[in-house]
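The block underneath contains the structure these notes are about, expressed in structure tokens.
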Protein chains: 2
Amino acid sequence: MVTPKRKDAQQLTELILDTARDLFTKFGVDSVSMHQIAKAAGVGQATLYRRYTQKGDLCLELIDDHFNRFKNDIEQLLASIHDQPVLDRLKAVFRRLVVFASDETALLKAIHISLVHNRCIENDKRTFFTSPPYMFLHSTLTHLLKESQDSGQTVPFDPAFTAHIYIASLAPFTLQHLSEDYGMSTDAIVEQLLRTLICPLFKPNNPE
Amino acid sequence: MVTPKRKDAQQLTELILDTARDLFTKFGVDSVSMHQIAKAAGVGQATLYRRYTQKGDLCLELIDDHFNRFKNDIEQLLASIHDQPVLDRLKAVFRRLVVFASDETALLKAIHISLVHNRCIENDKRTFFTSPPYMFLHSTLTHLLKESQDSGQTVPFDPAFTAHIYIASLAPFTLQHLSEDYGMSTDAIVEQLLRTLICPLFKPNNPE
DNA sequence: AATAATAGCGGACAATTGTCCGTTTGTCAA
DNA sequence: TTGACAAACGGACAATTGTCCGCTATTATT
């Protein structure tokens with residue numbers, strides 16, 4: 001049976017990713033067009049589009065390393081403080097999450113636009129909400145929220161639903177707005193988010 | 001001095017809006033291109049683009065009537081229940097808001113994409129966050145939240161910040177996800193939102 | 001009414017996104 | 001080696017978005 005694969009395919013993929021990374025850092029994600037990436041990498045448009053149908057897909061790939069680091073951070077963090085109260089763990093995860101979102105605003109915006117927009121056009125399976133990063137975040141938050149819920153320290157709420165809402169409120173454009181137009185530092189945003197979204201779910205800190 | 005204005009300009013604007021409305025309801029907002037609208041209305045592209053640089057701008061105009069009705073609803077609603085507790089008023093506004101967002105998903109998605117995306121490209125003054133609808137919502141919610149805060153019934157939080165977060169969590173794509181993929185009815189979404197975002201801000205319902 | 005002046009129309013044009021198909025190139029069988 | 005086969009390359013092509021500029025039509029003036 002004949003199932004040949006080119007060995008240079010993988011090399012081209014890496015060439016494309018490297019080129020895109022370069023152009024993005026040089027000119028900014030928004031100013032770089034798909035054709036520009038293809039041309040700079042010296043490949044045909046189809047070669048690029050066959051791998052990444054939209055800039056968002058490419059960004060998702062580029063952010064992968066960063067996200068894996070972030071994921072490991074979260075897992076280590078959770079392991080290192082597994083004996084602390086669940087509220088503290090939630091806060092820690094949230095803080096790390098906001099920092100990640102702030103660090104990666106440029107790529108995240110492109111991802112958000114492409115994937116969310118795409119979702120709107122066709123009923124593709126590949127949506128923002130089914131991407132591995134989203135699912136990891138959602139599952140991590142849901143677990144912590146469920147534990148909080150089960151521990152009886154909170155008012156009643158639906159953990160999975162609440163996790164969706166938490167992530168929605170961290171949309172890159174929201175954060176950008178709060179930071180640039182509204183003049184809040186990342187720390188201030190974290191503090192307010194904890195105060196507004198998380199702490200109130202827990203029953204009075206100064207117990208009866 | 002000579003400052004002639006064409007009187008047919010306004011008529012063309014209305015022709016464009018009517019045409020767009022028709023095409024949108026016939027084929028869906030996403031499937032209709034700007035040129036298609038111009039052609040169907042029998043005007044040049046520039047005539048269309050001079051009025052609305054993006055589909056989102058057009059949608060913002062189209063939604064205007066609906067939004068004004070919504071705005072009046074909210075104002076009447078608030079007037080009719082001005083003597084009820086602020087928590088109840090907040091809940092009522094929120095419920096009406098979610099219903100509006102669910103009814104107008106199609107247009108709101110297009111608006112969201114264009115305005116939020118545009119914001120990302122150039123530092124235009126005209127952003128999603130400075131559009132009249134956003135500002136009305138934000139100011140209405142902020143007032144109610146501030147009143148709640150001042151009445152001493154709540155935990156401490158920043159009303160304006162919280163209003164931003166509330167609106168962010170109602171992004172059309174989030175609602176669509178919760179409704180279509182997650183299978184929640186509008187009522188269920190409202191209930192969970194109130195339970196997750198609003199009620200917890202208020203001190204124990206069963207007072208000490 | 002005739003004229004001057006300009007607001008603003010319209011379609012051609014440029015740029016970007018996304019697709020298709022003829023051709024290349026690596027792999028396996030003989 | 002060589003030949004056959006298909007994975008996958010590349011650039012031409014179509015579609016959509018967004019811009020520019022010559023020309024028309026309306027209005028104020030005489």
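Since this is a predicted model, take the numbers as computed values, not measurements. Proteins come first, then strands; the chains are lettered A, B, ... in the order of their sequence lines, and each starts at number 1.
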Open item on the list: I need the NZ-C1' distance between A:Lys55 and D:dT17, as an integer number of Å.
Closed with: 14 Å

Task: Rounded interatomic separation in angstrom, taking CG from B:Leu58 and P from D:dT16 - done: 17 Å

Open item on the list: Within the 4.5 Å heavy-atom criterion, are B:Phe129 and A:Gln176 side-chain neighbours or not?
Closed with: no

Open item on the list: If you take any heavy atom closer than 4.0 Å to DNA chain D, which residues from residues 37-47 of chain B end up in contact?
Closed with: B:Gln45, B:Ala46

Task: salt_bridge(B:Arg51, B:Glu61) N-O dist < 4.0 Å - done: no

TODO: Select one nucleotide: of C:dT16, D:dC9, D:dT17, the one nearest the side-chain heavy atoms of B:Tyr49.
DONE: D:dT17

TODO: Using only heavy-atom distances, determine whether the side chains of B:Tyr134 and B:His164 contain a donor-acceptor pair under 3.5 Å.
DONE: yes

TODO: Look at the side chain of A:Arg50 and the base of C:dG18, then say whether one donor and one acceptor between them are separated by less than 3.5 Å.
DONE: no

Open item on the list: Looking at B:His138, I want to see if its NE2 is surrounded by more than 12 non-hydrogen atoms of other residues, nucleotides or ligands under 6.0 Å.
Closed with: yes

TODO: Apply the test salt bridge (charged side-chain N to carboxylate O under 4.0 Å, His left out) to residues B:Lys146 and B:Asp150: give CA-CA distance (whole Å), side-chain angles for both, the deciding distance (0.1 Å), then the verdict.
DONE: CA-CA 6 Å; B:Lys146 182 144 195 336; B:Asp150 290 345; 3.0 Å; yes

Open item on the list: What is the separation between atom CD on A:Gln36 and atom P on C:dG18, rounded to the nearest whole Å?
Closed with: 15 Å

Task: Integer-rounded Å distance: D:dT16 P and B:Gln54 CD - done: 18 Å

Task: Separation of atom CD in B:Gln10 from atom P in C:dC9, rounded to whole Å - done: 11 Å

Task: Rounded distance in Å - CG (A:Asp30) to P (C:dA15) - done: 19 Å

Task: B:His35 NE2 to C:dG10 P, straight-line distance once rounded to whole Å - done: 13 Å

Open item on the list: Expressed as a whole number of angstroms, how long is the span from A:Gln11:CD to D:dC9:P?
Closed with: 11 Å

Give the table of side-chain donor-acceptor pairs shorter than 3.5 Å for residues 93-102 of chain B, with sequence neighbours excluded, one pair per line with atom names and distance.
from: B:Arg96; atom 1: NE; to: B:Asp73; atom 2: OD2; distance (Å): 3.1
from: B:Arg96; atom 1: NH2; to: B:Asp73; atom 2: OD2; distance (Å): 2.8
from: B:Ser102; atom 1: OG; to: B:Val98; atom 2: O; distance (Å): 2.9

